[in-house]
Protein chains: 2
Amino acid sequence: MPKQVDHAARREEIAQAALRLCARDGLAGVTIGQVAQEAGVSKGLVQHYFAGKADLLRASAHVLRGEIERHILEAVRDARGPADTLRRVLLAVVELGVTAPIPLLAGHAFLARAVADPEIRDLYRAGGDAVHREIAALLAASAPAPDVDPGAEAHALLGLARGLSDGVLLGDLGVGDAAAIVDHHLRRILPGAAIGSDSPS
Amino acid sequence: MPKQVDHAARREEIAQAALRLCARDGLAGVTIGQVAQEAGVSKGLVQHYFAGKADLLRASAHVLRGEIERHILEAVRDARGPADTLRRVLLAVVELGVTAPIPLLAGHAFLARAVADPEIRDLYRAGGDAVHREIAALLAASAPAPDVDPGAEAHALLGLARGLSDGVLLGDLGVGDAAAIVDHHLRRILPGAAIGSDSPS
DNA sequence: GATATCACGATACGGTCGTATTGCAAAAAG
DNA sequence: CTTTTTGCAATACGACCGTATCGTGATATC
């Protein structure tokens with residue numbers, strides 16, 4: 001057998017380039033030729049690793065999902081308990097607007113496709129559901145106030161974080177402001193937990 | 001002078017078709033030819049009313065802004081007071097996911113462009129700021145709880161509504177669930193006001 | 001009614017799209 | 001060293017893109 005390369009790695013590399021174009025020019029800018037140029041490879045190579053444009057976009061969507069998952073997992077790596085973990089997850093989502101605008105924008109680009117494409121839709125919903133379940137579980141484990149319904153509150157918190165991330169992305173509000181808003185809501189929901197700085201002035 | 005037509009009306013008509021394509025296929029699907037077909041006119045006519053694709057997209061963005069504004073104004077037409085108005089505004093944003101997915105999706109499509117294009121960015125931010133100021137004013141006029149900062153709370157409510165609208169759009173949660181979440185938060189912020197049904201069971 | 005002006009359609013053109021096809025260098029297997 | 005399989009580049013081709021240009025019919029003015 002001839003020389004061997006890591007197919008999966010190459011595919012992900014190219015898909016990352018596709019996501020970068022996604023973020024810059026929207027889904028419109030994802031072109032075989034442009035992707036090849038962005039990835040620094042030949043147009044033919046992109047063809048070699050992807051059956052077609054649909055395959056490329058599908059793979060990019062999966063890479064995107066992994067990218068966001070990695071980002072969140074990294075944020076909660078050394079959390080100090082369920083309440084702190086919950087806070088870090090929400091802040092990680094909010095801060096996507098400044099620390100990882102590419103996955104955030106690419107996600108928005110794929111959102112439009114998710115309405116029509118069942119596969120993208122399922123992918124999108126599966127990711128959202130996973131975060132939702134995680135938030136609900138963390139919420140239930142964080143000694144919430146008695147009137148808090150973990151499922152509904154998880155939707156509220158995730159919706160809040162996602163909505164704020166757009167504001168942060170466009171500069172409508174700073175990460176500090178957004179973090180303060182998240183912390184404020186967490187303090188109300190989790191009256192017993194210490195949210196944010198250990199010594200809230 | 002030859003026959004006269006309402007230029008502004010024709011432009012808006014074509015721009016509406018462009019927004020429809022925006023929502024269906026993302027910003028990628030906005031093509032002079034496709035827009036012409038969607039609007040039921042000839043390709044040359046689109047050229048006649050728009051200097052180019054950039055002009056078309058610019059006009060579409062402005063039409064989109066007006067569309068969302070109209071949608072919200074319609075929702076608050078016969079509100080019964082500041083608290084009810086505030087609730088209707090937020091629910092109108094949330095319900096965009098089901099009652100007006102086209103403006104919502106088109107808005108998402110333009111979000112990516114807003115990062116790079118200053119004009120779209122200003123348009124986007126101006127609209128967001130207007131809604132934010134309105135929400136803050138309604139909040140201040142609705143006898144809020146003493147610990148509520150109208151500016152920050154307006155960001156929170158708007159972020160929450162926008163985040164929930166995406167969930168509603170994809171079917172992650174129903175409008176009823178989203179409305180309940182919004183109402184729940186409003187009841188906490190506005191302890192004295194009657195939120196939602198007149199007789200909360 | 002002649003005429004200038006505008007709405008609108010049709011066509012043309014260079015460029016880029018996605019995809020198919022071909023050619024070649026490199027390396028493991030014999 | 002030969003062979004065979006794979007990685008990858010290059011080119012070709014039809015379709016469609018955005019834009020420019022020209023042609024035509026209708027209408028308000030003179």
Side-chain angles (χ1 to χ4, degrees), chain A residues 1-61 106 109-110 112-113 116-117 119-120, chain B residues 1-61 106 109-110 112-113 116-117 119-120:
Chain A
M1 305 262 183
K3 74 169 158 182
Q4 303 186 13
V5 290
D6 190 337
H7 267 243
R10 273 256 202 262
R11 277 176 63 95
E12 177 160 344
E13 198 175 332
I14 295 175
Q16 293 272 8
L19 288 180
R20 247 171 286 145
L21 291 181
C22 239
R24 188 187 310 148
D25 310 320
L27 217 57
V30 179
T31 291
I32 305 291
Q34 299 263 6
V35 168
Q37 187 174 345
E38 172 73 22
V41 300
S42 75
K43 185 177 166 184
L45 194 66
V46 178
Q47 285 190 266
H48 183 72
Y49 282 100
F50 297 93
K53 188 177 181 180
D55 187 26
L56 171 59
L57 286 180
R58 214 178 317 148
S60 298
F110 276 106
R113 181 146 304 205
D117 186 329
E119 180 177 351
I120 303 294
Chain B
M1 302 276 179
K3 75 169 159 180
Q4 303 185 13
V5 292
D6 191 338
H7 266 243
R10 272 257 201 262
R11 277 176 65 95
E12 176 160 342
E13 199 176 331
I14 296 175
Q16 293 272 7
L19 288 180
R20 248 171 285 145
L21 291 180
C22 240
R24 189 188 310 149
D25 309 320
L27 218 56
V30 179
T31 291
I32 304 291
Q34 299 264 5
V35 168
Q37 188 174 345
E38 173 72 24
V41 298
S42 76
K43 186 178 168 186
L45 196 65
V46 177
Q47 285 189 265
H48 184 71
Y49 282 100
F50 298 93
K53 188 177 180 178
D55 186 27
L56 171 60
L57 286 179
R58 214 177 318 146
S60 298
F110 276 107
R113 180 145 305 203
D117 186 329
E119 180 177 350
I120 303 294

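Every chain is numbered from 1, with letters handed out A, B, ... down the list of sequences.
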Tell me if the side-chain of A/Q4 makes a donor-acceptor pair with the base of C/dA27, cut-off 3.5 Å, by modelled atom types. no
Between C/dC8, D/dC8, C/dA10, which one does the side chain of A/V5 approach most closely? D/dC8
Tell me which of A/V30 and B/G44 sits closer to the 5' end of DNA chain C, going by the nucleotide each one is nearest to. B/G44
What is the distance, to the nearest angstrom, from the CD atom on A/Q47 to the P atom on C/dT21? 11 Å
Taking any heavy-atom pair under 4.0 Å as a contact, classify A/V46: base, sugar-phosphate, or nothing. nothing
Any side-chain heavy atom of A/E38 sitting closer than 4.5 Å to one from A/R24? yes
Starting from P on D/dC17, measure out to CG on B/D25 and report it in whole angstrom. 12 Å
Can you tell me the distance, in whole Å, between the CG atom of B/D55 and the P atom of D/dG18? 14 Å
Do you know which two heavy atoms are closest between B/A106 and B/L19, and how far apart they sit? CB-CD2, 3.9 Å
Is there a donor N/O on one and an acceptor N/O on the other, under 3.5 Å, for the side chain of A/K43 and the base of C/dT19? yes
Please tell me if A/Q34 has a side-chain N or O lying less than 4.0 Å from either OP1 or OP2 of C/dT16. no
Is there a side-chain contact (heavy atoms from CB on, under 4.5 Å) between A/L57 and A/R113 once you walk through the steps? CA-CA 10 Å; A/L57 286 180; A/R113 181 146 304 205; 3.4 Å; yes
Please report the distance, rounded to the nearest Å, between CZ in A/F50 and C1' in C/dC17. 18 Å
Against the side chain of A/H48, the closest entry in D/dG7, C/dG18, D/dT19 is D/dG7
To the nearest angstrom, how far is A/K53 atom NZ from D/dC16 atom P? 14 Å
With respect to the phosphate group of D/dG7, does any side-chain polar atom (N or O) of A/R10 fall under 4.0 Å of OP1 or OP2? no
Of the candidate nucleotides C/dG18, D/dA9, D/dA20, which contains the atom at the shortest distance from the side chain of A/S42? D/dA9
Answer with base, sugar-phosphate or nothing: what part of the nucleic acid does B/Y49 contact at a heavy-atom distance below 4.0 Å? sugar-phosphate
Verify the contact: side-chain N or O of A/H7 to OP1 or OP2 of D/dT6, cut-off strictly under 4.0 Å; return yes or no. no
How close or far is atom P of D/dG23 from atom CG of B/L45, stated in whole angstroms? 20 Å
Option from B/D6, B/D55, B/V46 for which side-chain contact (heavy atoms from CB on, under 4.5 Å) with B/R11 holds: B/D55
With side chains defined as the heavy atoms from C-beta onward, is the minimum distance between B/V35 and B/F50 less than 4.5 Å? no
Rounded interatomic separation in angstrom, taking CD1 from A/I32 and P from D/dA10: 17 Å
